[in-house]
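Everything quoted here is computed from the prediction, not taken from an experiment.
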Amino acid sequence: MTDQHDIEALGDSLSASADALHAQLMRALRKRAPGGAPAMTQGTAQALFENEVLLRQRANSLYLDSAKLAANGLGGAQQQLLEQTRRAQEAVARIDKVKDLVDLCAELLSLGAAVAAGKPERIVTPLEKLKHHLDALAPPP
């Protein structure tokens with residue numbers, strides 16, 4: 001990523017993913033399983049709320065460190081990062097299984113941490129994991 005606006009766009013995308021996670025989490029908390037029990041355990045809900053906060057912190061870190069990150073030359077990964085986080089935002093909004101929501105959130109956090117560290121070599125693995133997970137979650141054509 002070569003300019004501040006691109007890094008801020010990634011921060012915006014992570015924030016939007018956190019917004020989508022929050023909306024899904026609230027829907028899941030309102031949903032009841034057969035028999036009237038909550039569809040999600042309190043522990044799972046708490047972990048997802050914590051992940052939402054972490055995603056927002058990663059986004060905020062990107063905003064604050066955008067000049068530093070631009071200088072570290074994330075270069076060619078820019079478009080792929082933006083595309084995958086956009087896809088993640090869309091996937092979070094339609095995920096039905098809590099496990100998939102937890103997994104996708106963890107992958108977004110790993111990617112956000114790698115980008116925030118300003119180390120391009122650390123981005124490849126979380127980006128690939130995110131891409132494969134999103135491909136697996138993609139609705140059939």
If I take atom OG1 from residue Thr44 and atom CG from residue Leu25, how far apart are they, to the nearest 0.5 angstrom? 10.0 Å
Side chains of His133 and Asp100, heavy atoms from C-beta outward: is any pair under 4.5 Å? yes
Is there a side chain to side chain contact (heavy atoms under 4.5 Å, CB included) between Phe49 and Leu29? Walk through the geometry before answering. CA-CA 11 Å; Phe49 276 125; Leu29 288 172; 3.8 Å; yes
Check: Leu104 and Leu130 side chains under 4.5 Å, non-hydrogen atoms: yes
For Gln24 and Leu101, work out which heavy atoms get closest and say how close. CB-CD2, 4.1 Å
To the nearest 0.5 Å, how far apart are CD in Glu128 and CD1 in Ile123? 12.0 Å
Could you list the residues that satisfy side chain to side chain donor-acceptor pair (under 3.5 Å) with Gln89, not counting sequence neighbours? none
Less than 3.5 Å apart, any donor N or O on the side chain of Gln42 or Gln46 sitting next to an acceptor on the other? no
Test of understanding: with side chain to side chain donor-acceptor pair (under 3.5 Å), list the residues that count as partners of Lys97, not counting sequence neighbours. none
Might you work through the salt bridge (Lys or Arg N to Asp or Glu O under 4.0 Å) test for Glu52 and Arg56, ending with a clear yes or no? CA-CA 6 Å; Glu52 176 192 347; Arg56 292 183 194 288; 3.0 Å; yes
Gap separating the CG atom of Leu48 from the SG atom of Cys105, nearest 0.5 angstrom: 6.5 Å
So if you build clusters from Ile, Leu, Val, Met, Phe, Trp, Tyr with side-chain heavy-atom gaps below 4.5 Å, do Met26 and Leu21 land together? yes
Least distance between heavy atoms, Leu108 atom then Ser17 atom: CD1-CB, 3.8 Å
Ala20 and Ala93: which non-hydrogen atoms are nearest, and at how many Å? CB-N, 4.2 Å
For the pair Glu90 and Arg94, find out whether any cationic side-chain nitrogen is under 4.0 Å from an anionic carboxylate oxygen. no
Roughly how far apart are Asn51 CG and Arg58 CZ, rounded to 0.5 Å? 10.0 Å
Please lay out, stage by stage, how Asp135 and Arg87 fare under the test side chain to side chain contact (heavy atoms under 4.5 Å, CB included). CA-CA 9 Å; Asp135 289 345; Arg87 286 182 65 205; 2.8 Å; yes
Look only at the side chain of Ser61 and the backbone of Gln57, and say whether a donor-acceptor pair between them is shorter than 3.5 Å. no
Which value, rounded to the nearest 0.5 Å, describes the distance between Leu10 atom CG and Arg86 atom CZ? 13.5 Å
Taking all heavy atoms of Ala59 and all of Gly11, pick out the closest pair and write down the distance. CB-O, 3.3 Å
